[in-house]
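Below: one structure, written as structure tokens.
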Amino acid sequence: MKLISLLIVLIILFSCSQKNESIAEPKLKPASEYFPKEKTKVLVVGTFHFDYPGLDVNKTADEDKIDVLVEPKKSEVTEVVEYIKAFQPTKIAIEAFEEWKATDKLRGYNEGKYRDERDERFQLAIRLASELKLDTLYSINATSYDEDLVKLDSIYFEKLFRDFDFENADPYNAYYREWYKEEARNIPNINLLEYLKHINSRESHQYGFGVYLVGDFKLDNGRGADILSIWWYNRNLRIFRKLQEITENKDDRILMIFGNGHAEILRQLLESSPEYEFIEFDKLQ
């Protein structure tokens with residue numbers, strides 16, 4: 001009798017086990033497995049403007065400016081160029097509009113012109129294109145929707161952008177100003193390549209973008225959020241769209257040289273895109 005009872009228990013357990021196996025939950029695949037593994041590689045080099053045009057909100061004091069045509073910075077620029085070559089770019093895209101005629105300037109550079117231009121587009125982008133024997137430079141800068149908006153309704157535009165001047169009393173503005181000033185003060189005394197690695201780090205990009213989410217972002221009735229979306233974020237989305245337009249296939253290796261304020265958002269867009277692989281600047285060698 002005991003043997004029969006044991007057999008019944010075993011049969012029941014086996015049946016339950018078979019039933020559980022038949023209704024086991026399906027295994028969910030990571031989202032990445034639904035998309036091609038091969039992606040177009042993009043290296044974004046966020047930089048400060050070597051010629052200090054003074055067009056950005058944060059201005060560099062004269063005593064903190066460097067001259068990339070004079071040692072030791074001249075040699076440090078060469079070090080940066082050689083470092084970027086490890087990426088082996090097939091295309092170079094820059095912060096310039098079509099009317100800047102980048103490819104024409106590249107041809108002129110190959111003939112010996114523009115060698116004393118301090119602008120990073122000459123010192124990095126055009127020099128790299130020349131030494132890598134590339135025959136084209138891609139100008140993919142873009143205007144933002146706010147410039148279209150002011151043409152449609154200048155009165156509404158002025159009302160929307162009232163008091164948007166980065167002078168907000170938000171204490172976080174002061175934290176950012178101190179950060180920017182301290183970083184600028186260090187440029188003359190730190191190796192240029194190491195500085196570029198520093199400002200292109202994930203943490204620097206994260207906090208750099210954060211400045212747009214405090215201060216004037218908190219203007220009444222959501223105006224700050226509206227301004228950010230049609231001004232700065234919109235401009236970088238348009239730049240990203242131009243990047244897509246110059247991308248031909250997954251074998252492209254695209255180098256983008258832009259002001260670091262753009263790089264902070266471009267990182268977000270590239271890391272989220274299923275088409276591109278964002279290459280960390282400090283991981284090249």
Side-chain angles (χ1 to χ4, degrees), residues 39-50 52 55-60 64 80 83-84 86-87 89 92-96 120-121 124-125 128 140-142 144 166 170 172-187 190-218 224-225 227-229 231-244 247 253-285:
K39 300 179 180 181
T40 301
K41 291 179 172 57
V42 179
L43 172 65
V44 180
V45 180
T47 183
F48 62 97
H49 296 303
F50 290 0
Y52 301 100
L55 301 177
D56 296 327
V57 173
N58 293 292
K59 307 292 191 295
T60 302
D64 296 327
V80 172
Y83 178 80
I84 294 174
F87 176 62
I92 298 176
I94 61 174
E95 186 180 345
E120 69 278 0
R121 292 174 292 188
L124 299 181
L128 277 161
I140 64 169
N141 198 8
S144 51
F166 298 97
D170 187 334
Y172 279 90
N173 273 354
Y175 301 148
Y176 274 102
R177 280 194 292 270
E178 179 57 28
W179 178 37
Y180 292 146
K181 287 179 181 177
E182 184 65 22
E183 295 257 306
R185 280 195 290 265
N186 281 315
I187 295 176
I190 192 170
N191 175 273
L192 185 58
L193 175 58
E194 294 308 311
Y195 181 76
L196 291 178
K197 287 181 180 180
H198 169 73
I199 66 172
N200 280 278
S201 68
R202 180 177 297 278
E203 181 176 355
S204 286
H205 280 167
Q206 175 187 339
Y207 277 89
F209 179 65
V211 71
Y212 299 107
L213 304 178
V214 298
D216 289 341
F217 183 76
K218 302 174 184 178
I227 291 168
L228 180 67
S229 62
W231 165 61
W232 190 238
Y233 215 87
N234 175 264
R235 181 179 171 190
N236 286 282
L237 285 170
R238 288 182 171 188
I239 290 169
F240 183 79
R241 180 67 191 106
K242 288 189 175 185
L243 170 67
Q244 290 178 322
T247 303
R253 299 176 64 86
I254 304 176
L255 167 65
M256 298 181 69
I257 298 179
F258 270 74
N260 201 38
H262 295 284
E264 295 156 358
I265 301 179
L266 292 170
R267 170 191 280 273
Q268 297 175 19
L269 300 177
L270 287 161
E271 288 186 335
S272 299
S273 169
E275 298 177 289
Y276 296 101
E277 178 183 348
F278 180 88
I279 303 299
E280 292 286 355
F281 181 67
D282 66 352
K283 299 292 194 300
L284 293 183
Q285 295 178 359

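This chain uses plain numbering: 1 for the first residue, then up along the sequence.
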State the [atom1]-[atom2] distance between [X] and [Y], to the nearest 0.5 angstrom.
X: I239; Y: N236; atom1: CD1; atom2: CG; value: 4.5 Å
X: S201; Y: R267; atom1: OG; atom2: CZ; value: 7.5 Å
X: K242; Y: T247; atom1: NZ; atom2: OG1; value: 14.0 Å
X: F281; Y: T47; atom1: CZ; atom2: OG1; value: 8.5 Å
X: L237; Y: Q268; atom1: CG; atom2: CD; value: 10.0 Å
X: W232; Y: L228; atom1: CH2; atom2: CG; value: 10.0 Å

Sequence-distant partners of [X], salt bridge (charged side-chain N to carboxylate O under 4.0 Å, His left out), two or more places apart:
X: E194; answer: K197
X: K218; answer: D170
X: R253; answer: none
X: E183; answer: none

Work out which heavy atom in [X] is nearest to a heavy atom in [Y]; give both atom names and the distance.
X: Y207; Y: Y176; value: O-OH, 2.6 Å
X: P89; Y: I84; value: CD-O, 4.2 Å
X: I199; Y: N260; value: O-ND2, 3.0 Å
X: G46; Y: L196; value: O-CD2, 3.8 Å

(request) Taking atom CZ of F209 as the centre, report whether more than 12 heavy atoms of other residues, nucleotides or ligands fall under 6.0 Å from it. (result)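 For F209, atom CZ is crowded (more than 12 foreign heavy atoms under 6.0 Å).
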Hey, does [Y] have a side-chain heavy atom less than 4.5 Å from the side chain of [X]?
X: Y212; Y: I227; result: no
X: Y276; Y: F240; result: yes
X: V214; Y: Y175; result: no
X: I265; Y: F258; result: no
X: V211; Y: Y172; result: no
X: N200; Y: H205; result: yes
X: I92; Y: I254; result: no
X: I190; Y: H198; result: no

Which residues pass the side-chain contact (heavy atoms from CB on, under 4.5 Å) test with [X], sequence neighbours left out?
X: R185; result: D64, E178, K181, E182
X: Q206; result: none
X: N234; result: S144, Y145, R238
X: I187; result: F48, I66, Y195

(request) Give me the one residue out of L43, I94, L243 that meets side-chain contact (heavy atoms from CB on, under 4.5 Å) with M256. (result)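 Of the listed residues L43, I94, L243, the side-chain contact (heavy atoms from CB on, under 4.5 Å) partner of M256 is L243.
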So, using side chain to side chain donor-acceptor pair (under 3.5 Å) as the criterion, who are the partners of [X] when residues are at least two apart?
X: E264; result: none
X: Y83; result: none
X: Q244; result: R241, E275
X: S229; result: none

(request) Measure from the side-chain N and O atoms of E95 to the backbone N and O of N141, and report whether any donor-acceptor pair falls under 3.5 Å. (result)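 A pair under 3.5 Å: no.
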(request) Would you check if the side chain of E120 reaches a backbone N or O of F50 as a donor-acceptor pair within less than 3.5 Å? (result)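 Confirmed, E120 side chain pairs with F50 backbone.
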